[in-house]
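Quick notes on the structure that follows.
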Amino acid sequence: MIMTSEPDGTPGTSYDPMRQFAEIAGDVRDPYPMFAGIRADTPVLHVELGRPGSRYRHDEKAPRITSLFTVTGYELARQVLTDNVRFSSAANAMTIGPVMGRTILEMDPPEHQRHRALVARAFRARVLDQWTAIIDATVAELIDAFAAAGRADLIPQLTFPFPVRVIARILGLPEADWPRFLRLSTQLIAVMRNWEGAIAASRELRGYFAEIIADRRRHTRDDLVSQLISAEVDGRRLSDDEIYPFLLLLLPAGAETTYRSSSNLLFGLLTEPDQLDAVRADRGLLPQAIEEALRWESPLLTVARSATEDVELGGVRIPAGAFVAVSLGAANRDPERYADPDAFDIFRDGTQHVTFGDGAHKCLGMHLARLETRVLLSAVLDRLPGLRLDPDADDPHIHGLVFRSPPNLPVRFDPA
Ligand code: HEM
């Protein structure tokens with residue numbers, strides 16, 4: 001397998017983001033029986049973490065979570081996500097805050113609505129249309145690099161570099177800066193693994209973005225940074241200090257999740273060739289295939305909240321201040337809601353899911369993520385005829401307990 005070190009897919013010498021991503025994900029193949037066991041036992045699991053001798057690996061300098069309540073059922077998950085009075089997002093300040101600064105992810109109302117309204121403008125439908133050309137071109141150039149070969153590993157050669165390149169282009173970053181941008185992005189995302197590295201990357205990225213923002217203040221362009229600078233709600237504009245955290249958040253929120261979700265969709269279709277044939281024959285099935293893959297394998301398994309008061313949830317008492325983990329992965333496979341929840345089935349009735357969260361913080365980039373995945377899948381089907389898993393593939397699988405996706409996806413197809 002070719003390891004990439006740069007978003008342009010060129011083989012690297014010293015730095016290997018794919019390996020780092022695989023490490024962050026953790027090598028857990030199938031956490032779903034564990035989730036099902038917990039759900040059958042209790043709707044809200046309480047565990048004590050971080051005591052001496054704990055088996056959980058943790059960077060000593062990272063903040064320590066000691067008491068954790070995990071929600072596994074679909075209805076209870078939605079209850080927590082849509083109740084931002086009793087369940088605050090301030091929990092995110094503790095985990096990602098020190099690295100990214102004050103992002104909208106950690107804000108509660110009314111601050112959250114105000115800031116989200118400012119940045120949401122940049123994600124409105126008209127702007128998305130404007131990015132379609134960027135997305136098309138990015139997929140095309142990545143596939144061009146291997147279409148003649150008849151074989152590829154779709155993770156390092158396609159799904160991994162794709163969304164980072166899209167974000168770099170949407171932000172209007174010069175192509176010469178991409179290798180540095182990817183190196184720093186990867187370091188930033190690895191925050192729970194290497195706290196000091198992430199803090200250093202955050203500092204360097206801020207310096208880098210400061211130059212870009214200063215440049216766009218002088219010469220407005222047709223990119224997201226320019227749109228953020230000029231966004232105005234109630235006569236107020238974002239300050240540079242408010243723009244940095246948002247730009248930093250786009251990397252983990254927009255690049256990592258989308259790379260993993262499109263990889264999971266490809267994995268689902270390649271391991272269920274009848275369903276792949278059905279989508280190939282009828283592109284109208286693409287949206288439901290995308291939703292089912294999001295439900296079946298949520299790229300991000302958990303989101304965090306903290307209880308603002310003593311709360312009773314599913315018969316379990318959660319004390320004020322406690323850390324609450326909403327298991328999106330478990331909720332999406334709740335048998336109370338989905339028949340045969342472990343099956344990947346693009347024809348199932350109702351693929352609605354909580355993979356993008358719910359309530360006030362529901363993913364701001366979900367339309368972009370869906371658009372990117374649709375463009376990627378269409379291009380794969382158009383340009384890689386006869387696409388199938390490589391029969392020599394060594395144990396293809398999805399893994400991860402924090403993030404989930406396949407580490408590799410070796411395929412064969414009819415060469416162009
Ligand atoms: C399949 C891909 C994606 C998944 C699974 C995903 C998942 C999520 C989830 C679960 C949340 C809610 C977090 C919470 O409630 O605490 C969220 C929020 C967010 N996402 Fe995504 N996301 C994806 C793609 C994107 C993209 C492409 C972007 C932008 C480029 C993006 C930007 C954001 C932002 C800015 C927020 C914060 C919203 C707020 O706090 O109000 N996401 N995402």
Side-chain angles (χ1 to χ4, degrees), residues 71 77-78 80-84 87-97 100 102-109 111-124 127-128 131 134-135 159 162-171 185 224 227-228 242-243 245-265 290-291 293-306 323-329 331-332 353-377 400 402-405:
V71 182
R78 290 201 56 208
V80 173
L81 293 168
T82 53
D83 180 353
N84 53 13
F87 296 99
S88 163
S89 287
N92 288 315
M94 200 175 142
T95 49
I96 58 167
M100 285 178 213
R102 194 162 173 74
T103 68
I104 56 172
L105 259 187
E106 68 176 68
M107 293 177 191
D108 287 322
E111 185 191 19
H112 175 254
Q113 282 113 306
R114 233 175 22 241
H115 281 252
R116 180 160 166 137
L118 282 170
V119 290
R121 296 189 155 218
F123 288 85
R124 62 192 186 274
V127 177
L128 274 194
W131 290 338
I134 285 180
I135 298 170
T159 58
F162 171 55
V164 187
R165 274 195 193 200
V166 169
I167 288 190
R169 283 190 160 133
I170 283 174
L171 291 176
S185 312
L224 180 62
Q227 285 161 18
L228 289 174
E242 288 167 321
I243 294 177
F246 185 71
L247 294 179
L248 292 178
L249 175 63
L250 284 184
L251 302 172
E256 166 145 30
T257 48
T258 310
Y259 122 65
R260 293 190 188 278
S261 70
S262 56
S263 306
N264 292 341
L265 170 61
I290 292 171
E291 296 312 305
L294 285 163
R295 180 204 69 83
W296 177 63
E297 278 292 3
S298 184
L300 170 70
L301 276 186
T302 311
V303 299
R305 295 291 185 268
S306 51
F323 197 90
V324 180
V326 179
S327 176
L328 306 176
N332 280 339
H353 52 76
V354 285
T355 299
F356 289 120
D358 205 345
H361 287 271
K362 189 163 185 178
C363 181
L364 193 61
M366 64 183 175
H367 303 304
L368 176 61
R370 287 178 170 129
L371 174 65
E372 285 182 275
T373 311
R374 207 166 57 239
V375 170
L376 182 133
L377 235 290
V402 179
F403 302 106
R404 282 184 70 73
S405 58

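Both counts, for ligands and for their atoms, begin at 1 and track the order of listing. All heavy atoms count here, side chains included; hydrogens, waters and symmetry mates do not. Computed from a predicted model, the values in this text were never measured in an experiment.
Polar contact with ligand 1: absent for K362 (N/O pair, distance under 3.5 Å). Where the criterion is an N or O separation shorter than 3.5 Å, residue side chain and backbone included, A253 meets it with respect to ligand 1.
With distances taken over non-hydrogen atoms, the option nearest atom 22 (N) of ligand 1 out of G357, A91, C363 is C363. The nearest non-hydrogen atom to atom 15 (O) of ligand 1, considering only Q113, R305, E372, M107, comes from R305.
When heavy-atom distances to ligand 1 are checked against a 4.0 Å cut-off, L105 comes that close through both its backbone and its side chain. Within the 4.0 Å heavy-atom criterion, the part of L249 lying near ligand 1 is the side chain and not the backbone. At a heavy-atom distance under 4.0 Å, atoms from both the backbone and the side chain of T355 approach ligand 1. Under 4.0 angstrom from ligand 1, the non-hydrogen atoms of P299 all belong to its side chain. Contacts between H361 and ligand 1, counted as non-hydrogen atom pairs separated by less than 4.0 Å, involve both the backbone and the side chain.
Near H112, meaning under 4.0 Å from any of its heavy atoms, are these atoms of ligand 1: 39 (C), 40 (O), 41 (O).
In plain terms, the two heavy atoms of G97 and E106 that are nearest each other are CA-OE1, 3.6 Å. Heavy-atom minimum distance, T103 versus P245: CG2-O, 3.6 Å. Shortest non-hydrogen contact noted between V354 and L328 is O-CD2, 3.4 Å.
Aromatic ring pairs are classed by plane angle as parallel below 30°, tilted from 30° to 60° and perpendicular above 60°; the pair F123 and F246 is perpendicular.
When only non-hydrogen protein atoms are considered, atom 34 (C) of ligand 1 lies nearest to L364 CB, 3.8 Å. Protein heavy atom in closest approach to atom 23 (C) of ligand 1: T257 OG1, 3.2 Å. Remark: minimum distance from atom 11 (C) of ligand 1 to any protein heavy atom is reached at F356 O, 3.9 Å.
Applying the salt bridge (Lys or Arg N to Asp or Glu O under 4.0 Å) rule to pairs touching residues 359-377 yields E291-R370, sequence neighbours excluded.
Residues R114 and E242 are not paired through a salt bridge, judged by the lack of any N-O separation under 4.0 Å between the basic side chain and the carboxylate.
In terms of the side-chain hydrogen bond (donor to acceptor under 3.5 Å, both in side chains) criterion, S327 has no residue partners (sequence neighbours excluded).
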